[in-house]
Amino acid sequence: MDIIQKMFEKFGYVPVETPILCPAETILGKYGEEGEKLTYNFKDAGGRGIALPYDLTVPFARYFAANYNNLEVPFKRYQIQRVWRAEKPQKGRLREFYQCDIDIIGSKSLICEAEIAKIIVSTLLELGIDDFKIKINSRRLINAILKSFGIPDSKVTPMIRIIDKKDKIGEEQMVQELSNIGVENGLEVLSRLKPMNSNKETMDKLRDSDVSELETFMRYASDLGVDDKWIQFDPMMARGLDYYTGVIYEVVSENSSLGAICAGGRYDDLCSMFCDQNFSGVGVAFGFERIMMLLKERMLVVENKSCSNVLVTVFDESALKKSLSAYNSLVEAGINSEIYLGLDKLNKQFKYADKKKIPFVVIQGPEEILAKTVTVKRMDTGKQKTIPDSQLVEYIKGYYEAN
Amino acid sequence: MKPIRIAIQNKGRLKEESVEFLKSFGLKILNSDRGLIGKCEGQNVEILYVRHGDIPVYVQSGAADFGIVGANVLNERKFYVKKNKSLGFGKCKLVIAVPKNSGIKTISDLEGERIATSYPNSLKRFLKENEINASIIEVRGSVEISPLLGLSDAICDITQTGETLKENGLKKIIDIFESEACLIQNGFSDKEFLN
């Protein structure tokens with residue numbers, strides 16, 4: 001989470017937090033049928049309708065609408081908070097989870113879209129994930145293509161919801177569902193939307209429609225150092241949420257079945273639902289738990305590790321003064337450390353370090369104190385090293401710092 | 001027209017041979033003994049005399065078109081320069097050495113010990129590849145005296161003939177890599193070197 005937060009700040013986003021308990025009318029009616037069903041909402045003791053955030057975009061749009069007079073526009077913020085969805089909990093799908101969002105509100109420039117792609121790539125690579133694809137598409141483009149097939153406006157949203165289910169249901173069922181809502185040329189529409197082997201081929205295939213938005217976005221992204229290999233133009237990727245209007249993103253890890261690890265897009269009209277001015281916004285949310293699951297699967301993070309790198313043991317009451325002083329110099333030097341809280345036998349103190357997977361223990365018994373030395377034991381190998389006590393900090397640092 | 005700028009060592013083991021190498025291309029360097037910029041007679045070439053470790057910095061920023069630098073410097077830090085070719089001089093090795101009477105004899109004996117070096121990244125990489133955990137004590141120079149002063153149990157440093165090691169009562173136990181002078185140029189530049 002630290003890495004994600006630092007990356008957001010690197011690109012000039014400032015932190016914002018929004019309330020957990022929201023008036024129901026703030027949250028409801030923004031996500032579409034599916035999202036609405038999954039939103040927690042209830043009456044409080046005073047009979048007021050309360051909803052819990054389903055995502056961070058809507059509460060943020062509400063926040064922005066109430067505060068834009070006092071904010072620099074375009075406004076770039078990041079927000080790392082929990083959201084709630086009334087789902088059946090399963091792998092990668094929780095009722096309560098963290099989203100890490102960035103959004104830019106108040107600019108229609110496609111530089112925003114490109115910057116967000118850049119941040120996605122930088123963040124995932126920094127986390128050690130390098131098998132991802134940012135699927136991109138544009139709601140404007142889907143709408144235009146559907147229109148070219150003579151689909152009436154009223155059917156566009158239901159169609160997008162069906163296309164969005166493409167990974168869950170097969171093509172046949174999609175055609176069937178499309179036909180159920182009165183779209184008979186579903187097969188043709190779907191074949192038109194099917195992505196080709198490369199972004200360029202897909203782009204060329206759809207050139208009859210206006211692809212300039214995506215082309216410009218991709219050009220900016222490329223100039224920002226985003227390699228084309230990370231991006232996959234998929235005209236069938238729809239994102240189910242109703243509020244998207246322009247470019248949309250969905251990031252998947254290719255060697256994982258977890259589903260999207262990041263998702264987002266451009267929303268032109270969300271803010272105007274909360275104030276009488278129109279501000280276009282664009283953003284992306286990183287699904288924190290899914291990213292963590294991915295990292296754990298790949299052993300890129302170790303679970304249940306203590307934060308401490310060093311345990312300072314306490315030999316006996318008379319050695320306590322030295323131990324406290326060693327502990328103090330370690331923490332003052334910025335080394336994560338702890339001191340054993342008690343006067344137990346050394347063996348018991350070692351066991352404590354072992355259980356907490358603390359790599360080093362520091363021992364200062366009467367001999368060491370007399371010789372002005374300190375013994376450092378490495379817990380995994382059991383190897384001990386006695387050094388002058390004045391070198392303790394440098395010695396430990398020498399394992400972690402080298403740049 | 002802008003002169004072609006070539007950065008070389010201002011002092012140290014590569015300087016003389018770098019100058020000789022440049023002369024072999026017919027360059028007549030006018031003031032190779034003093035000053036930071038040397039002009040060349042009849043040619044639009046300037047020689048920049050800079051600190052060894054700074055040569056790649058000059059080249060990656062485009063302040064110099066080319067540089068002559070030891071591979072040891074390039075191994076230690078990531079620079080956005082491309083290696084044009086190895087030059088066959090300035091050969092040396094990055095080694096690990098210990099006091100003559102030390103109990104440390106093999107790589108695995110280094111576990112848990114203190115190793116002083118001015119090449120912390122190269123050393124760190126080497127230790128990691130060999131799955132050794134040791135404390136890297138970073139010092140800028142005079143690495144060889146650190147065991148004598150009780151600051152370290154071993155050192156990791158560049159050696160050419162092994163003389164300095166011997167003088168300080170040290171013996172080499174491991175070679176990490178061999179280095180020689182390289183011609184480098186900016187990662188974005190496709191200029192031809194003096195032809």
Side-chain angles (χ1 to χ4, degrees), chain A residues 122 125-126 128 222-225 227 299-300 302 305 308-312 326 329-330 333-337 350 353-354 357-363 368 371-403, chain B residues 53 57 72-73 75-80 94 96 98-99 102-140 143 145-157 176 187-188:
Chain A
S122 303
L125 288 179
E126 181 82 15
S222 158
D223 290 343
L224 256 177
D227 196 307
M299 311 288 279
L300 290 167
V302 185
K305 216 182 123 194
S308 305
N309 291 326
V310 184
L311 172 72
V312 179
S329 57
L330 288 166
I335 298 167
N336 295 358
S337 322
F350 292 162
D354 210 32
K357 294 202 163 40
I358 301 176
F360 294 99
V361 298
V362 168
I363 308 151
E368 279 96 355
K372 288 197 168 42
T373 59
V374 52
T375 297
V376 179
K377 176 175 165 151
R378 230 193 120 83
M379 293 306 292
D380 55 355
T381 60
K383 197 164 174 184
Q384 301 197 4
K385 173 85 186 163
T386 300
I387 51 171
D389 56 6
S390 57
Q391 289 182 15
L392 175 63
V393 165
E394 289 309 311
Y395 180 74
I396 301 288
K397 267 192 176 171
Y399 281 89
Y400 294 101
E401 282 178 15
N403 36 34
Chain B
V57 180
N72 53 312
V73 173
N75 278 338
E76 179 57 20
R77 255 179 66 193
K78 174 127 189 70
F79 295 103
Y80 293 93
L94 185 70
I96 295 179
V98 296
S102 167
I104 303 172
K105 295 193 164 53
T106 63
I107 296 184
S108 54
D109 294 337
L110 290 168
E111 179 74 36
E113 303 295 344
R114 299 163 296 170
I115 312 173
T117 188
S118 341
Y119 295 87
N121 291 319
S122 305
L123 175 59
K124 193 179 191 178
R125 208 160 49 227
F126 174 78
L127 293 175
K128 199 171 172 199
E129 280 163 13
N130 289 282
E131 295 178 0
I132 300 289
N133 294 296
S135 176
I136 299 173
I137 310 293
E138 192 176 344
V139 289
R140 284 294 169 89
V143 180
I145 58 166
S146 67
L148 202 65
L149 303 177
L151 192 67
S152 69
D153 307 292
I155 66 155
C156 165
D157 202 9
I176 297 183
F188 300 106

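Computed from a predicted structure; not experimentally measured. Residue numbers start from 1 in every chain, and the chains themselves are labelled A, B, ... in the order their sequence lines are given, proteins ahead of strands.
The stretch residues 146-157 of chain B places B:G150, B:L151, B:D153 near chain A, each with some heavy atom under 4.5 Å from a heavy atom of that chain.
Shown here is B:E129, whose CD atom has more than 12 heavy atoms of other residues, nucleotides or ligands within 6.0 Å.
In plain terms, the two heavy atoms of B:S135 and A:Y399 that are nearest each other are CB-CE1, 3.5 Å. Taking both residues in full, the closest heavy atoms of B:E111 and A:K383 are given as O-NZ, 2.7 Å, listed atom of the first, atom of the second, then distance.
The side-chain heavy atoms of A:K385 and B:R114, taken from C-beta on, include a pair separated by under 4.5 Å.
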